[in-house]
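Here's the structure we're looking at; comments come further down.
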Amino acid sequence: MAENNSGGGDGGVGGGGEVSANQTIYINNLSEKIKLDELKKSLLAVFSQFGKIVEVLAFKTLKHKGQAWLVFEDVSSATKALHQMQGFPFYDKPMRIQYAKTKSDVIAKADGTFVPRERRKRHEEKGKKRKEQLDASQAGMGGVPAYAGPYGSAPPLSQIPYPGGVKLPEAPAPPNNILFVQNLPQETTPMMLQMLFCQYAGFKEVRMVEAKPGIAFVEYGDEMQSTVAMQELQAFKLTPQSSMLITYAKK
DNA sequence: AGCACA
């Protein structure tokens, strides 16, 4: 009888340093040319499919550009996102995704373990090589009252309307009824795409471009309908190694 | 490359 490891390690042997599972994923190799606000909205748009997102953090400082933290409500969502979106071409650069090294403040505040940073920063110490088991993580935190609904006051980020797609700022196509699909595997046929896109209301037709393999146009009746299809199929994998990238077509 | 909490 095989015993499943319940929630513990997946068998992945990471190439780099290993970090344990976290509700927050750390993304780097992001384009640094994108405005922060757009970057965060686009990340939200593409990652909401994996579960509720509590917060998206990104910064412009030298040390932190090209990186973002995405806080999921559940670890399982973070795990799905990490595996499925690994290497996903985002603004023409493949995302590199890891679990964040530490718990996000918003999560710590929710579970009552939040410690203000001014105190944390002074806790740097060197020279101790001895291991000691000091994690009394179950110790009751007497001082901090935990709210019943910490997420209730947070804005429901995952419900923010889709901002306008994952696309380069120099090619800003306004929302319209035609979708531009990129990063399709070589073997994609119009029939495959039709099967996929015809599930959504207003579907009219799919056109592939023979001169340029890997892309397609999908037309809907109006932009509301194309937007729904875009949101549902964003990052859909026709093969395990390629996620499709959907934007609005340029007119 | 780079792990924070605007």
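Every value quoted in this text rests on a predicted model; they were computed, and no experiment measured them. Keep in mind that the numbers below use all heavy atoms, side chains included, and drop hydrogens, waters and symmetry copies. The sequence lines fix the lettering, A, B, ..., with proteins before strands; numbering per chain opens at 1.
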Verify stack between A/F59 ring and B/dA4 base, 5.5 Å, 30 degrees: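 Taking the rule of under 5.5 Å and under 30°, the ring of A/F59 does not stack on B/dA4.
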Both A/D105 and A/E32 contact DNA chain B. Taking the nearest nucleotide for each, which residue is further toward the 5' end?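 Residue closer to the 5' terminus by nearest nucleotide: A/E32.
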Mapping A/A100 and A/T61 onto DNA chain B by nearest heavy atom, which one lands closer to the 5' end?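 Its nearest nucleotide being more 5', the pick is A/A100.
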I want to check one thing: is the phosphate of B/dC3, taken as OP1 and OP2, less than 4.0 Å away from some side-chain N or O of A/K101?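 Yes, within the criterion.
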Do the numbers put A/K80 on top of the ring of A/F50, so that NZ or CZ is under 6.0 Å from the six-membered ring centre and no more than 45° off the axis?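 Pair A/K80/A/F50 does not count as cation-pi.
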Report the distance from atom CE of A/M95 to atom P of B/dG2, rounded to the nearest whole Å.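 Roughly 20 Å, once rounded to whole Å.
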A/I25 has an atom CD1; how far is it from atom P of B/dC5, in whole Å?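 Rounded to the whole Å, the gap is 18 Å.
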Suppose we call two aromatic rings close when their centres sit under 6.0 Å apart. Are A/F217 and A/F180 close by that rule?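 So the answer is yes for these two rings.
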May I ask you to decide whether A/D105 forms a salt bridge with A/R117, counting only side-chain N to carboxylate O separations under 4.0 Å?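 Answer for the salt bridge query: no.
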With a 4.0 Å cut-off, would you call A/R207 and A/E205 a salt bridge?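 Yes, charged N to carboxylate O under 4.0 Å.
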Closest nucleotide among B/dC3, B/dC5, B/dG2 to the A/L57 side chain: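 Ranking B/dC3, B/dC5, B/dG2 by closest atom to the A/L57 side chain puts B/dC5 first.
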Choosing from B/dA6, B/dG2, B/dA4, which nucleotide comes nearest the side chain of A/R117?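 That would be B/dA6.
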Any N/O donor-acceptor pair, A/T24 side-chain to B/dA4 base, under 3.5 Å: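 No, the side chain and the base share no sub-3.5 Å donor-acceptor pair.
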